[in-house]
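Letters go in sequence order (proteins before strands), and every chain restarts at 1. Below, each value reflects all heavy atoms present in this structure, side chains not excepted, and no hydrogens, waters or symmetry copies.
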Amino acid sequence: MSKEITSREADYSQWYNDLVLKSGLADYTPVRGCMVIKPYGFALWENMRDTLDRMFKETGHVNAYFPLLIPKSFLSKEAAHVEGFAKECAVVTHYRLMNDPNGGGVIVDPEAKLEEELIIRPTSETIIWHTYKDWIQSHRDLPLLINQWANVMRWEMRTRLFLRTSEFLWQEGHTAHATRQEAVEETERMLDIYAQFAEEFMAVPVIRGIKTASERFAGAEETYCIEAMMQDGKALQAGTSHFLGQNFAKAFDVKFANKENQMEYVWATSWGVSTRLVGALVMAHSDDEGLILPPRIAPFQVVIVPIYKGEEQKKLIDEKVNAIMKELKSYGIRVKYDDKDNARPGWKFAEYELKGVPVRMAIGARDLEQNVVELARRDTREKSTVSLDGISDHIRQLLEDVQQAMFDKAQKFRDEHITEVNSKEEFIRLLDEKGGFLSAHWDGSTETEDAIKEATKATIRCIPLNNKQEEGKCVWTGKPSSQRVLFARAY
RNA sequence: CGGGAGGUAGUUCAGCCCGGUAGAAUACCUGGUUUGGGACCAGGGGGUCGCAGGUUCGAAUCCUGUCCUCCCGACCA
């Protein structure tokens with residue numbers, strides 16, 4: 001069949017590409033690094049987006065929208081920020097096309113050159129802080145808790161569907177606070193929300209931590225992150241939350257009058273997750289048969305496949321299925337009845353396994369006689385025959401079991417792939433043999449971090465929050481260290 | 001952005017070396033038989049061979065350029 005998927009063992013990268021393309025999540029386009037997110041992939045993203053959006057609103061945030069295009073001059077206002085993004089910005093230089101006088105289609109009209117070039121946003125700190133200057137005068141205007149759902153563009157050299165695309169969808173929260181402490185609290189609060197979302201909805205366990213200076217967001221004082229572990233033992237940053245200090249307030253001159261009527265610069269945070277989460281989800285759970293989606297964000301939680309001979313049987317099954325569907329929907333369960341006649345049951349089974357639907361229900365004439373259905377769960381591929389009495393409660397419980405089992409399995413894998421190492425030799429050996437996170441002492445210097453990266457391609461993923469303090473010696477240089485940090489090769 | 005590989009029907013691919021009427025499987029359409037793990041029979045439609053130049057009487061095939069994809073590297077979240 002054309003829907004063969006490369007096995008993980010044969011070629012992990014190709015397995016991932018096959019999965020994304022053949023399960024209908026996304027497709028390539030004529031533009032390098034840009035993808036079409038297909039309806040099934042978008043439905044998945046919508047469920048993630050809607051859940052996060054609700055969590056943001058529950059914590060007092062509101063949505064707004066800032067423009068796609070940013071005046072070039074804005075980018076140069078915060079030194080570290082420019083440095084971080086300058087190399088990957090797309091620039092708008094003209095505003096008009098014209099017919100080529102020499103024939104051959106349209107060309108850029110040389111007369112239509114912009115006086116000030118515009119940047120397609122790689123992130124929106126600059127345009128937002130420019131705007132905040134006008135919105136903030138007094139401590140009474142704070143905190144300002146705004147989020148936006150948007151697309152951004154970063155001119156990536158090497159792209160991969162969902163994991164690293166030039167254009168991607170994300171949310172970026174940008175908040176302003178009266179005190180350092182409040183801003184730090186906000187940064188940590190949003191990191192917790194990301195972690196909670198990843199674990200409770202995506203069933204992906206994550207480690208909360210702080211980035212080292214070299215991995216920090218350009219313009220941040222501190223970058224917090226959640227790090228996840230993929231099935232090939234590579235780490236993936238799933239979300240970041242930045243404490244921006246007063247860097248942007250100073251760059252864009254955003255001050256407020258405090259209660260003593262003294263002018264102070266405001267304190268800032270920004271935080272984001274992107275469509276990269278879809279890639280994380282795929283790589284964390286799926287198998288060689290296809291996607292495995294966690295029930296809480298799967299576009300369909302249950303698919304029902306009828307098995308019948310002749311119209312009479314079909315009619316009886318339809319009646320029963322309609323009653324089941326009505327009840328399932330009243331429980332808030334997303335259910336699809338696939339009764340199209342151009343594919344046989346076996347084909348449908350394979351198709352919905354490829355698409356990762358958590359629970360499949362097969363129902364035939366034989367089942368009707370016995371008042372049962374066959375349920376198959378995608379994560380373990382176990383089948384069971386279940387009475388139709390109380391079927392909705394049974395399915396509701398099954399979906400919760402699947403959600404929990406997926407998390408437990410991923411967590412077990414992750415925990416088994418955190419290894420304490422104490423010597424350079426062990427570090428190098430385990431990185432190749434086992435992969436995963438290596439928990440090792442580090443002397444705290446960027447030079448050592450760079451040297452390790454140069455030699456092994458592993459980077460410091462994070463310094464875990466609430467990290468145990470213990471005396472030790474740097475795994476690379478032998479210099480004194482007060483705590484272990486997590487190293488890994490990463491996406 | 002450097003090195004390598006690839007792009008031919010919706011999809012997977014053959015044809016290219018050695019230029020001469022564009023093929024297979026599968027998918028799709030019609031009709032029929034089927035339906036508990038990717039059904040079968042009969043008939044049918046579908047491709048400016050990624051794009052642009054060049055060589056030639058003639059280019060999917062040879063040459064040049066360019067775009068997209070994959071792998072490796074550099075860069076990057």
Scanning all shown strands, the Watson-Crick or wobble mate of B/rU26 with both distances under 3.5 Å is B/rG10
Which word best sums up how the rings of A/Phe427 and A/Phe487 line up, parallel for under 30°, tilted for 30 to 60°, or perpendicular for over 60°?
perpendicular
By salt bridge (charged side-chain N to carboxylate O under 4.0 Å, His left out), A/Asp109 pairs with (sequence neighbours left out) A/Arg96
Q.
Quick one, A/Lys457 and A/Leu431 - any side-chain contact, counting heavy atoms below 4.5 Å?
A. no
Run the side-chain donor-acceptor check on residues 76-93 of chain A: report pairs under 3.5 Å with partners two or more places apart or on a different chain.
| from | atom 1 | to | atom 2 | distance (Å) |
| --- | --- | --- | --- | --- |
| A/Ser76 | OG | A/Ser73 | O | 2.7 |
| A/Glu78 | OE1 | A/Ala80 | N | 3.2 |
| A/Glu78 | OE1 | A/His81 | N | 2.9 |
| A/His81 | ND1 | A/Ala218 | O | 3.0 |

Regarding the side chain of A/Pro345, the nearest nucleotide among B/rG36, B/rA74, B/rC76 is B/rG36
Partner of B/rA39 under the Watson-Crick or G-U wobble criteria, both distances under 3.5 Å, comes out as B/rU33
Taking a pair to mean Watson-Crick or G-U wobble geometry with both distances below 3.5 Å, B/rC70 pairs with B/rG4
- [ ] Check whether any side-chain N or O of A/Arg344 sits under 4.0 Å from OP1 or OP2 of B/rA39, and answer yes or no.
- [x] yes
Sequence neighbours excluded, the answer for salt bridge (charged side-chain N to carboxylate O under 4.0 Å, His left out) partners of A/Arg377 is A/Asp379
*asked:* So A/Phe217 and A/Thr240, do their side chains get closer than 4.5 Å, heavy atoms only?
replied: no
Query - Any donor-acceptor N or O pair under 3.5 Å, side chains A/Ser7, A/Glu9 - result: no
- Item | Sugar-phosphate, base or nothing in reach of A/Arg216, heavy atoms under 4.0 Å | nothing
When both distances are under 3.5 Å in a Watson-Crick or G-U wobble arrangement, the nucleotide paired with B/rC75 is none
Considering only heavy side-chain atoms of A/Glu353, the closest of B/rC76, B/rG73, B/rG37 is B/rG37
Sequence neighbours excluded, the answer for salt bridge (charged side-chain N to carboxylate O under 4.0 Å, His left out) partners of A/Arg164 is A/Glu156
- Query: So what does A/Lys348 touch, heavy atoms closer than 4.0 Å: a base, only the sugar-phosphate, or nothing?
  - Reply: nothing
Per atom distances to the A/Glu156 side chain, the nearest of B/rU34, B/rG37, B/rC76 is B/rC76
Tabulate atom names and distances for all N/O pairs under 3.5 angstrom spanning the protein and nucleotides 66-71 of chain B.
| from | atom 1 | to | atom 2 | distance (Å) |
| --- | --- | --- | --- | --- |
| B/rU69 | OP1 | A/Gly33 | N | 3.0 |
| B/rU69 | O3' | A/Tyr28 | OH | 3.2 |
| B/rC70 | OP1 | A/Tyr28 | OH | 3.0 |

Note: contacts of residues 305-314 of chain A with RNA chain B (heavy atom, under 4.0 Å) are A/Ile307, A/Tyr308, A/Lys309
Across every strand shown, the nucleotide meeting Watson-Crick or G-U wobble geometry with B/rC62 (both distances under 3.5 Å) is B/rG54
